[in-house]
Amino acid sequence: MAKKYRLEKGQSYPIGATCRDGGVNFSLFSKNATRVELLLFDQKDHTYPSQVFKLEPDQFRTFHYWHCFIKGLKPGQLYGYRVFGPFEPSKGLRFDGEKVLIDPYARALVTKTYNREAATAPGDNCAEAIKSVVIDPSDYDWEGDRPLNHPFEHSVIYELHVGGFTKDPSSGLSKELRGTYRGLIEKIPYLKSLGVTAVELMPVQQFDRADAPPGNINYWGYSQLAFFAPHCAFGATDDPVELVDEFRDMVKALHKAGIEVILDVVFNHTAEGNENGPTLSMRGIENRAYYILPENNQQYYSDFTGTGNTLNANHSVVRRLITDCLCHWVSEMHVDGFRFDLASVLARDERGHYLENPPLLWEIESEPQLASTKIIAEAWDTKGYLLGAFIGDKWAEWNGKFRDDVRSFVKGDPKVIRAMADRLVASPAVFGSVLRNPNRSINFITCHDGFTLQDLVSYNEKHNEANNENNRDGHGDNHSWNCGVEGPTNDPQIKALRKRQIKNFLAILMISQGTPMLLMGDEVRRSQNGNNNAYCQDNELSWFDWSALEREKEMLEYTKRLIHFNLSTHFFQEEKYWSLPGGIVLGWHGTRHHQPDWSDQSHCLAFELYDPEEDAYLHVMLNAFWEDKTFDLPGLPDGKCWRKVVDTAAAPPFDCIRPEDAPKVSGRSYKLKQRSVVVMMNC
């Protein structure tokens, strides 16, 4: 027979399930509940609880916190909640005592019996509910591991999907390791050889694969069930306690290789969706606190995320949950940073209006446990774009304007030359101040959302038919160019042009001021066949093809050399804008020295950097025109000459070569091939 436990009063803090004093303390916030039940389960596949504890408000409630202590419980214990109260949707109250709910502070989950439809339909869903798991975070040997604290100015970020990185059979891993945290550990030597300093992991907070249109699955993971829990499907084990340790093993192994771990966190919405969605956790615990509801009719949900609901991030209880969660991932899981999905939501008040000084953003900015943690915003939601407007000194931002303007320039669009110049020097016109650290601009050409780099030069239009949404999904304006043919081609001239355009994009990414970010697989020309919204494609379309390492060896080696050039060249390690007095001297040129062409039809730009402390020069020439162009070369002091370090029109290894091995360039001008980038340094 299962052991029967005795209920004690417990304490209201810490929130969640906490191991202490030979047992477990449970605490749950709910302001309007009338009764709470704590359910214990003995096995992952058990459909009904072995014991139920009824928490009556007169004994087990302090203020708005329901709490109890159960002596003898140990880590690994499975549990859930039933929360009873009024069901009055027009008032924003959606209590349903028949639903088993996830603890918002759960550090691990078991999803073996989960059925999303059962959580949506009326009636008892206990037999098909997700179970929360008690975890003791102190029971792990970190072997002295600490976050790495790489400065932004010495960082190159690599965005990857934990599952998709190793799931393809070409990874050479056993079936048990493919698509797992342990599988990623096996591929750390590849990341090390690539030269990146950080991996940005697409969502690893437990998400709901079933939260997608009928017939699809949620592969990307932007559909959270529990913010504190690592996604169990990425585990090589099905034991929830071992799963948490498996994630920590991955972090520890990456740190040993000198690679930071940044999590893509989703605090803007949850998997519960709109008023027709399932009751999984927050909806049934305290709907009015956790979600932004329209003031005039609270039976609906304010949707600033395009997912059905919006988290009420600046409610005091939700703010606490988010900051507690971030501190958990830093202190107990040792991650190095966070990228906040749709971060503009975090600046909205309980009515959905933007706040001038959002409390949550300031709490994240000033939280001492996050002092050395990288904090990166995706500065938009469906109703607004706040790029350059995030508060404080700590926040970095995904620079979407860098992506769009560099794409337009390389494509050959008119009226983009001035914007392009601003992007090359960390976008001071966007961020509004040259006093901030320029490396807070996270520069990228591609990310998970949109075309891959190969598709950017191969398709004019998105081709998302495989998503079963009649190609209506995904962005329609991609600033892409197929170089003459839509999709794959055998035309040698088009193939050569596409390769050069990819090299142009990578070169510009690595020679621009700011922190560069590379998308998984771009270094080996990974294609999604023109699909720019592969959120539901858990298959070869999205997975990393490891056979491409040999097939695309030239591009891979070029990318490695570019990354090394960025991280080993002091011009790209500056902590202040190049244009500031007393530092790096910046000069703009066109094809003629000191004569930049800022006209709408200009497709050529050059800039020169001079470091007076090092007496060092760097000169960049960009030709996005469809004909060769001759550029003036700046003169150098006696005894110095130019070496050509990067030339995207040259054959390997001279497309990117170490400065000390680079060929010398004589003369007072240099002819750039059509659509090419050249970088020179003095010797």
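- Looking at Phe152 and Ile442, their side chains come closer than 4.5 Å, going by heavy atoms from C-beta outward.
- Closest of all the heavy-atom pairs between Ala507 and Leu562 is N-CD1, 3.7 Å.
- Remark: the Ser599 side chain and the Asp597 side chain contain an N/O donor-acceptor pair separated by less than 3.5 Å.
- The pair Asp422-Lys401 does not count as a salt bridge, with every side-chain nitrogen at least 4.0 angstrom from each carboxylate oxygen.
- Side-chain contact of Asp522 with Thr446: a donor-acceptor pair under 3.5 Å is present, judged by distance alone.
- With 3.5 Å as the limit, one finds no donor-acceptor pair spanning the side chains of Thr310 and His269.
- Side chain of Glu260 to main chain of Val199: no donor-acceptor pair is present (N/O by atom type, distance under 3.5 Å, no hydrogens or angles).
- At a threshold of 4.0 Å, the pair Arg675-Glu627 does not count as salt-bridged, since none of the basic side-chain nitrogens sits closer than that to a carboxylate oxygen.
- Within the 4.5 Å cutoff, the side chain of Phe572 has heavy atoms near those of the Trp578 side chain.
- For the residue pair Asp600 and Ser602, no side-chain donor N or O sits within less than 3.5 Å of a side-chain acceptor on the partner.
- Residues Val646 and Val678 are not in side-chain contact: their nearest non-hydrogen atoms beyond the backbone lie 4.5 Å or more apart.
- Within the 3.5 Å criterion, the main-chain N or O of Thr305 finds a donor-acceptor partner in the side chain of Asp303.
- No more than 12 heavy atoms of other residues, nucleotides or ligands shown are found within 6.0 angstrom of CG on Asn490.
- Side chains of Gln528 and His463: a donor-acceptor N/O pair is absent below 3.5 angstrom, by distance only.
- Between His619 and His589, the two ring planes are tilted [angle within 30° to 60°].
- Residues Asp381 and Lys383 are not paired through a salt bridge, judged by the lack of any N-O separation under 4.0 Å between the basic side chain and the carboxylate.
- Taking the side chain as every heavy atom from C-beta outward, Val196 and Ile157 never approach each other to under 4.5 Å.
- Taking all atoms of both residues into account, the shortest heavy-atom contact from Gly400 to Leu387 is N-CD2, 4.2 Å.
- Few gaps surround NZ on Lys187; more than 12 heavy atoms of other groups in view lie less than 6.0 Å from it.
- In this structure, Glu461 places its CD atom where only 12 or fewer heavy-atom neighbours from other residues, nucleotides or ligands lie under 6.0 Å away.
- Formation of a donor-acceptor pair under 3.5 Å by the Thr559 side chain with backbone atoms of Met555 is found in this model.
- By the neighbour-count criterion of 12 heavy atoms within 6.0 Å, atom NE2 of His150 is densely surrounded, having more than that number from other residues, nucleotides or ligands.
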Problem set entry | Verdict with reasoning, Leu586 to Val425, per side chain to side chain contact (heavy atoms under 4.5 Å, CB included) | CA-CA 9 Å; Leu586 168 67; Val425 295; 3.9 Å; yes
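- Side-chain N or O atoms of Thr569 include none that pairs as donor or acceptor with a backbone N or O of Asn566 at under 3.5 Å.
- Using a cut-off of 4.0 Å between Lys/Arg side-chain N and Asp/Glu carboxylate O, Arg407 and Asp405 are scored as not salt-bridged.
- A heavy-atom distance below 4.5 Å is found between the side chains of Phe409 and Leu622.
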Exercise. Going through the checks in order, is the side chain to side chain donor-acceptor pair (under 3.5 Å) test met by Ser441 and Asn439?
Worked result: CA-CA 5 Å; Ser441 171; Asn439 303 288; over 6 Å; no
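- Aromatic ring orientation, Tyr158 versus Phe165: perpendicular (interplanar angle above 60°, classes split at 30° and 60°).
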Problem set entry | Verdict with reasoning, Ser527 to Asp455, per side chain to side chain donor-acceptor pair (under 3.5 Å) | CA-CA 6 Å; Ser527 173; Asp455 290 353; 2.6 Å; yes
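- Using a cut-off of 4.0 Å between Lys/Arg side-chain N and Asp/Glu carboxylate O, Arg561 and Asp655 are scored as salt-bridged.
- The cationic group of Arg436 lies under 6.0 Å from the six-membered ring centre of Phe431 and within 45° of the ring axis, placing it in a cation-pi geometry.
- Note that CD of Gln573 is 9.0 Å distant from OG of Ser155, once rounded to the nearest 0.5 Å.
- Closest approach of Gly306 to Thr382, counting heavy atoms only: N-CG2, 3.6 Å.
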For this session: Apply the test side chain to side chain donor-acceptor pair (under 3.5 Å) to residues Tyr222 and Asp449: give CA-CA distance (whole Å), side-chain angles for both, the deciding distance (0.1 Å), then the verdict.
Result: CA-CA 11 Å; Tyr222 295 92; Asp449 187 4; over 6 Å; no
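- Inspection of the Tyr459 and Asn529 side chains reveals no N or O donor paired with an N or O acceptor under 3.5 Å.
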Exercise. Would Gln537 and Asn467 satisfy side chain to side chain donor-acceptor pair (under 3.5 Å), going step by step from the backbone distance to the final call?
Worked result: CA-CA 8 Å; Gln537 300 295 330; Asn467 296 354; 2.8 Å; yes
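- At distances below 3.5 Å, at least one donor-acceptor pair connects side-chain atoms of Gln224 with backbone N or O atoms of Gly221.
- His161 has its ring centre less than 6.0 Å from the ring centre of Tyr219.
- Here the OH atom belonging to Tyr577 is positioned 7.0 Å from the OG atom belonging to Ser427, to the nearest 0.5 angstrom.
- Although no hydrogens or angles enter the test, the distance criterion places no donor-acceptor pair under 3.5 Å between the side chain of Lys629 and the main chain of Gln674.
- A salt bridge links Lys560 to Glu557: one of the charged nitrogens lies within less than 4.0 Å of a carboxylate oxygen.
- Side-chain contact check for Ser512 and Asn443: no donor-acceptor pair (N or O, by modelled atom type) lies under 3.5 Å.
- In this model, a donor atom of one side chain and an acceptor atom of the other lie less than 3.5 Å apart for Thr648 and Asn504.
- Inter-residue side-chain proximity for Glu200 and Leu160 is flagged as unmet; no heavy-atom pair is nearer than 4.5 Å.
- Take Tyr617 and apply the ring pair (Phe, Tyr, Trp, His ring centres under 6.0 Å) test, not counting sequence neighbours, and it matches Tyr610.
- Taking the side chain as every heavy atom from C-beta outward, Gln513 and Phe571 never approach each other to under 4.5 Å.
- Ion pairing of Glu574 with Lys576 is absent here, as no side-chain N (NZ or NE/NH1/NH2) approaches a carboxylate O to less than 4.0 Å.
- A salt bridge (charged side-chain N to carboxylate O under 4.0 Å, His left out) with Asp545 is found for exactly one of Arg525, Lys167, Arg551, namely Arg551.
- When the shell of 6.0 Å around CD of Glu660 is examined, it contains more than 12 heavy atoms from other residues, nucleotides or ligands.
- For the residue pair Asp611 and His570, a side-chain donor N or O sits within less than 3.5 Å of a side-chain acceptor on the partner.
- The backbone N or O of Phe544 sits nowhere less than 3.5 Å from a side-chain atom of Arg526 that would complete a donor-acceptor pair.
- Within the 3.5 Å criterion, the main-chain N or O of Val261 finds a donor-acceptor partner in the side chain of Asp336.
- Phe304 carries Arg348 over the face of its six-membered ring, with the cationic atom under 6.0 Å from the centre and within 45° of the normal.
- Annotation: the span from Gln501 atom CD to Ile494 atom CD1 amounts to 12.5 Å, rounded to 0.5 Å.
- Residues Trp546 and Tyr190 place their aromatic rings such that the two centres sit under 6.0 Å apart.
- For Asn464 (side chain) and Asn532 (main-chain N/O), a donor-acceptor pair under 3.5 Å exists by modelled atom type.
- Between Arg339 and Glu378, at least one side-chain N (NZ, or NE/NH1/NH2) sits under 4.0 Å from a carboxylate O, which counts as a salt bridge.
- The cationic atom of Lys374 (NZ for Lys, CZ for Arg) does not lie both less than 6.0 Å from the six-membered ring centre of Trp395 and within 45° of the ring axis.
- Within a 6.0 Å sphere centred on NZ of Lys671, heavy atoms belonging to other residues, nucleotides or ligands number 12 at most.
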